[in-house]
Protein chains: 2
Amino acid sequence: MRIGELAERTGVSVRALRYYEEQRLLAAERSGSGQRRYADNAVGRVKLIQQLYAAGISSASILEMLPCVVTGVAAPEVLAKLRGHRSSVVKQIEELQETLQQLDTVIAGATKAYTTGVPCPPG
Amino acid sequence: MRIGELAERTGVSVRALRYYEEQRLLAAERSGSGQRRYADNAVGRVKLIQQLYAAGISSASILEMLPCVVTGVAAPEVLAKLRGHRSSVVKQIEELQETLQQLDTVIAGATKAYTTGVPCPPG
DNA sequence: GCTACCTCTGACGTCAACGTCAGGTTTCTA
DNA sequence: TAGAAACCTGACGTTGACGTCAGAGGTAGC
């Protein structure tokens, strides 16, 4: 498929896909005229990249771990980094759960208070 | 306390604290010579700010919700935004949990494969 | 009162993941 | 075989949360 279709199917922009290629995260065949052609599995690859980005992992780290994700094999150093990222993700989840509780407390309190008290000025 | 102590007690930089003030997220009294003086509860406030930042909430949104967190009262519009942020945090958590599973799969597979197979080149 | 450290304002620098624009080529559709 | 739509390669712009540096003034221990 061409880049526009991949963009549509993954929900990321064309520019982002070119950027991934620049970062060597996503390869593409080229047609005779130089247009990018992607295989079907590129969709999954792009979604994986997005997921890792969302976890706060940098291009460089993703680049490092991608072949391992694909082949299922990793050298000890890479494995150590993977474990590092794993624990960072765990920590992020824990912190977000705390934040969620805070938000819930505020929402619950504010909802109740507003039915009886003075509102907090918006803006 | 002065800004250096607050920085040390919260683990954020002096520059960040000044930035929070710029964004009107954190107020400070001033000494006669113009130095910032913070009350003890500033520690909690800074940690809250960090938590909200970590949830991907912008300065503007934090500014909007802070008085509500403090007073426990919110106008309906603000409340709606709070709920919006809440669901965004929930979504983030879900996505991170997916990512965690992916990482676990990779780590498990790679650990096993490495004991028997070919390593993935590091770097 | 000396000295070492802390703090001030202002202003430019940084970094990552793209957005956007320009100017030209390719591909699809009628 | 038009012409619209998609694609190409640069290359500069953007945004947020700070980092960093300069030059000047404040503070605390001895």
Any sub-3.5 Å donor-acceptor pair from [X]'s side-chain atoms to [Y]'s backbone N or O?
X      : Y      : value
Q35(B) : R2(B)  : no
R36(A) : S31(A) : no
R18(A) : S13(A) : no
S61(B) : I57(B) : no

note = Rounded to whole Å, CG of L52(A) lies from P of dA17(C) at a distance of 11 Å
request  = Would you mind reading off the distance between L63(A) atom CG and dA17(C) atom C1', rounded to a whole angstrom?
outcome  = 15 Å
task = Side-chain contact test, heavy atoms from C-beta onward, threshold under 4.5 Å: evaluate it for Q23(A) versus L63(A) and give yes or no.
result = no
key: Contact letters for nucleotides 3-17 of chain D, in which S counts primed atoms plus P, OP1 and OP2 and B counts the base, heavy atoms under 4.0 Å   = ---SSBB-B-----B
query = In terms of the nearest nucleotide of DNA chain C, which residue is placed more toward the 5' end: A16(A) or G32(A)?
reply = A16(A)
